[in-house]
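A, B, ... follow the sequence lines: proteins, then strands. Residue 1 opens every chain. Just so it is clear, the model here is predicted, and its values are computed rather than measured.
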Amino acid sequence: MPSEKSMKICILDVNYEVEERGGVEEQVIKILGKTKDGKSVLVLDRSFDPYFYVEPKPGLSESDIETLKGRILELEIEGQKPKKIEETEKNFLGKPVKLLKIFINLPSDVPKFRDIVKDWSDIREEYEHGIPFYKRYVVDRGIVPMNWVSIEGDVIKSELDFDIVIESGKGGIKLLEDKEYPKFNILAFDLELIQKDGEENIVVASFMDNRGFKKVIVLAKNKVRGAKNVLTEQDILKEFMDTVKKRDPDIIVGYNTDRFDFIKLGESSEKYKTPLILGRDKKHMVFRRRGRISAARIGGRVHIDLYDFIEHILGASLSTEVLTLDRVAKELLGIGKENLRWKDIEKAWKGREFEKISKYCLKDSRLTLKLAEYILPQIFEISRVSGQTPFDVARMGYSQLVEWLLIRKAHEENELAPNRPKYDEVMRRRRAVPYIGGYVHIPKEGIHENIALFDFAALYPSITITHNISPETLDCMCCKKKRENKSNMVPGQEHYYCRRHKGFVPKVIEELVKKRMEIKEKMKKAKPNTVEYNYLCNRQYALKIIANASYGYYGYPGSRWYSRVCAESITAWGRMYIKKVIGMAEKMGYEVIYGDTDSLFLKVRNKKEAKEFLNDVNKSLPGVMELDFRDLYKSGIFVLGKTGVAAKKRYALIDSKGNIVIRGFEKVRRDWANIAKDTQEMVLKAILIERSPSKAVKIVRNIIQKLKSNKIMMDDLIIYTQITKPISEYEQIGPHVAAAKKAVERGRIVKEGSTISYIITKGTGSISSRAEPAEDADNYDPDYYINNQVIPAAMRVLAGLGYREEDFLKKEKIEQISLEKYIKK
DNA sequence: CCGCTACGGGG
DNA sequence: GGGTACGTAGCGG
């Protein structure tokens, strides 16, 4: 007997499924929640129907509209007819539009009905047909994930692994004020795999959760200290599922688990015909396709791949440019991985050092858990601001976050969301001539001392708000006649923005910026490192990143609210403001070392001078525009990126605490030989730590000499590249393909997915023709490694110090370049 | 110059 | 599955 009940839950996830009930297919919304006392709750809601809009051709008479409605209602697809039609009116980019809202029985039928009506002559356009059903649901019902709701409904009996399953319906779910989160069970895991006989097997799995639990499962005949040993890979799989079930996590976290660990678990499950059941719904894990990456979904739990979030969102604000678990954990937590290289894991495994690998694996789970405890609160706050589930937030880019927020706000404001651009339109936008971006004050190259960094707080959002930049306020008719536009003309352009009506996008952004200012005020009163302070900090971070992304969204080719003119207007005003500040600095006699878009580096004598400058500037800035002082750096080098063309952000600084801040130098990828990676690292260190460009040059010359005289180990010359399709399918024979073909001719197996290692050897012809599998190569081409590997890697750093390629190649001694030359006194 | 191909994270 | 969502760089031709 179902019993009626009311409860409060914090919503962790929303999803939907199609179920068969009495021979009829029916969609059901599934909400995952958590009560304050730690119970897992599944809420079922069958009261929401999918729909989309069509806009009849303007000018149709009322009877024409009635006929149209009748024709739509008579449509039939596989026995299904539209449920009903409502007439409604919404605003589309500032103008009212009459619409028909067509309700459909099944979510997957929406595109089918839309496909039929899209060619009808009495229909002008269809809208909001591409919005996933569960997203439609949360927007329309005003539900915000990671917030508390009250649920009225019937508790039902269930075989599933939830503490409570409840059926609710329309009006049964109400949003409450946000409060502290309940305590979630968070389980981190990691796998180790070993390749043997061309096959990859899971050999170790480790877990750690936020309730003091840890576990390692190892494939080994004998007992391994600190681990549970099992005899087969299938046993690892079973033990893995058992552990998840017993620990019953709300959130499962890992690092790169969408693209690695869950794929491997899935393959293993297939190999042993063992269904991979990890969810409270007792169903098999599924991959949900999301463009380039598929996301592993586990029913009734939230799988968060921290790497996905770091790659899309957090990475931009880290100083490391390499987003490995080791580097990210070092930067955020101050602890890195066990010092064990990839190849060493294999060696350790072959050497039967099971304990060593267990420890290594468990350390990764620990780092992942600690990282999750740091990062999840950020994801949760972004969920609250954007209205998207943590599962989606962790996998979205900046543009998607802005887009879904705008879609939600559009619904609240009775605005129609513009359609996504079609593929051809995206391509057209992508190919369009780039517009002028931020202003770059060409760096004074070399080494400088005492540099103060200033930047505008949220320059582009402030401009968007101050100048009311929105597609529907652009060159509006209402201001044209009255000539009110004069006060809001884009610098250097013939466009203006409305001064009478607030635009949709600026309104949304202003709300974010105002909320952030309130939070910033609260933060001043709160004690650092308390729960309250950290929460405020994460909330302001969420508000900041979404507000800051709004400019990029106007110019993002896939954008629904794409407006190249708006994007151009924002950068035009941005250039005006930064130039104004640079002009002021110069007038006051400061040397401007470098400036880019919203920031500038000034040479100052001390902090006091920097603060005085800041005060003077801020007195002169209008409205919400504000310059901030970031830090005073002891020294730094500035480098022009690509010479001639756009100057890139490349600089390295030593801050007041002695930390090195590097921008734009790193990133030599794995398809480069070790010799190139190592040379670049040595060059950077010589400059930043020893502050000796001449030593850096000597290092490069030294490596080149060694390459020429055959003194470099072959191992350091190997280039690793993956073969991503069957070899016969390659149209272009790059070096890695040529090497793979040779390996195959010699009887070795190179499949799709193998990584081929090769060396470029001496001889004539193209680079490809001289690529030999590493194990067959008995010589190497010094010129290739000098010109295509070592010099380009070193030049990334040294180009800015005035060196040219020839300087490394000259036979004669290069003139001594002293450090003094680069230090501005 | 264009178009194809790969990387990223993980092991 | 109301699905098909990156940005950049090297190399061959």
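A cation-pi arrangement, defined by a distance under 6.0 Å to the six-membered ring centre and an angle within 45 degrees of its axis, is absent between A:Arg297 and A:Phe287. Figure legend: cation-pi geometry between A:Lys725 and A:Tyr730, with NZ or CZ positioned under 6.0 Å from the six-membered ring centre and within 45° of its axis.
With distances taken from any side-chain atom of A:Tyr255 to the nucleotides C:dG10, B:dC7, B:dG10, the minimum falls on B:dG10. Distances from the side chain of A:Tyr730 to the nucleotides B:dT5, C:dG2, C:dG12 place B:dT5 closest. For A:Phe133, the listed nucleotide lying nearest its side chain is C:dG2; candidates were B:dC7, C:dG2, B:dG11.
Using a 4.0 Å heavy-atom distance criterion, A:Leu325 is classed as a sugar-phosphate-only contact. If you check every strand for non-hydrogen atoms under 4.0 Å, A:Ile194 touches nothing. Among the protein residues, A:Asp49 comes within range of no part of the nucleic acid, since none of its heavy atoms lies under 4.0 Å from any strand. Among the heavy atoms of the strands lying under 4.0 Å from A:Pro50 is at least one base atom, whether or not backbone atoms are also near.
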Dot-bracket line, read 5' to 3' along DNA chain C, where crossing pairs take [ ] and | marks a partner on another strand, Watson-Crick or G-U under 3.5 Å: .....||||||||
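Side chains of A:Leu193 and A:Val203 form no contact here, defined as non-hydrogen atoms less than 4.5 Å apart.
Contact annotation: A:His736 reaches the phosphate of B:dA6 (side-chain N/O to OP1 or OP2, under 4.0 Å). In this structure, A:Arg420 reaches the C:dT4 phosphate: one of its side-chain N or O atoms is under 4.0 Å from OP1 or OP2. Contact annotation: A:Tyr784 does not reach the phosphate of C:dG10 (side-chain N/O to OP1 or OP2, under 4.0 Å). For B:dC4, neither phosphate oxygen OP1 nor OP2 lies less than 4.0 angstrom from any side-chain nitrogen or oxygen of A:Lys725. Regarding contacts with the backbone of B:dG11, a side-chain N or O of A:Lys337 is found under 4.0 angstrom from either OP1 or OP2. At C:dG12, one or more side-chain N or O atoms of A:Ser768 fall inside 4.0 Å of OP1 or OP2 (strictly under the cut-off). The side chain of A:Tyr16 contributes an N or O atom lying less than 4.0 Å from OP1 or OP2 of C:dG2. Regarding contacts with the backbone of C:dC11, a side-chain N or O of A:Asn788 is found under 4.0 angstrom from either OP1 or OP2.
Taking only distance into account, the side chain of A:Gln400 meets the base of C:dA5 through a donor-acceptor pair shorter than 3.5 Å.
By the 30° and 60° cut-offs, the orientation of the rings of A:Phe133 relative to A:Phe48 is tilted.
Checked by atom type and distance alone, the side chain of A:Glu233 pairs as donor or acceptor with a backbone atom of A:Ile202 at under 3.5 Å. When atom types are taken as modelled, the side chain of A:Asp344 and the backbone of A:Leu340 share no donor-acceptor pair closer than 3.5 angstrom. The backbone N or O of A:Ser206 lies less than 3.5 Å from a partner atom in the side chain of A:Ser365, making a donor-acceptor pair.
In this view, A:Tyr51 and A:Tyr53, A:Phe103 satisfy the ring pair (Phe, Tyr, Trp, His ring centres under 6.0 Å) rule, not counting sequence neighbours. Residues passing the salt bridge (Lys or Arg N to Asp or Glu O under 4.0 Å) test with A:Asp305: none are found, sequence neighbours excluded. In this structure A:Arg292 satisfies the salt bridge (Lys or Arg N to Asp or Glu O under 4.0 Å) test together with A:Glu311, sequence neighbours excluded. Among residues two or more places apart in sequence or in another chain, the ring pair (Phe, Tyr, Trp, His ring centres under 6.0 Å) test is passed with A:Tyr398 by none.
Remark: C1' of B:dG9 and CG of A:Asp190 are 12 Å apart, rounded to the nearest angstrom. Atom pair A:Met795:CE and C:dA9:P shows a separation of 16 Å (rounding to whole Å applied). The CD atom of A:Glu267 sits 18 Å away from the P atom of B:dG10 (whole-angstrom rounding). Whole-Å rounding puts the A:Ile733 CD1 to C:dG12 P distance at 11 Å. Nucleotide C:dG10 holds its P atom 13 Å from the CD1 atom of A:Ile719, rounded to whole Å. Here C:dG3 presents its C1' atom at 13 Å from CG of A:Asp115, a figure rounded to the nearest Å. A:Gln27 places its CD atom 15 Å from the P atom of C:dG1, with the value rounded to the nearest Å. Put simply, CG on A:Asp258 is 11 Å from C1' on B:dG9, counting in whole angstrom units.
Remark: the separation of the P atoms in C:dA5 and C:dA9 is 22 Å, to the nearest Å. The gap from the C1' atom of C:dG7 to that of C:dG3 amounts to 22 Å, rounded to the nearest Å. Distance check on atom P: C:dT8 versus C:dT4 gives 22 Å, rounded to whole Å. Across B:dG9 and C:dC6, the matching C1' atoms stand 15 Å from one another, rounded to whole Å.
A donor-acceptor pair shorter than 3.5 Å cannot be found between the side chains of A:Asn15 and A:Tyr137.
For A:Tyr720 and A:Leu193, each mapped to the nucleotide of DNA chain B holding its nearest heavy atom, the one lying further toward the 5' end belongs to A:Tyr720.
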Strictly under 3.5 Å: I want the nitrogen or oxygen pairs between protein and nucleotides 1-3 of chain B, one per line.
residue: B:dG3; atom: N2; partner: A:Gln732; partner atom: NE2; Å: 3.3

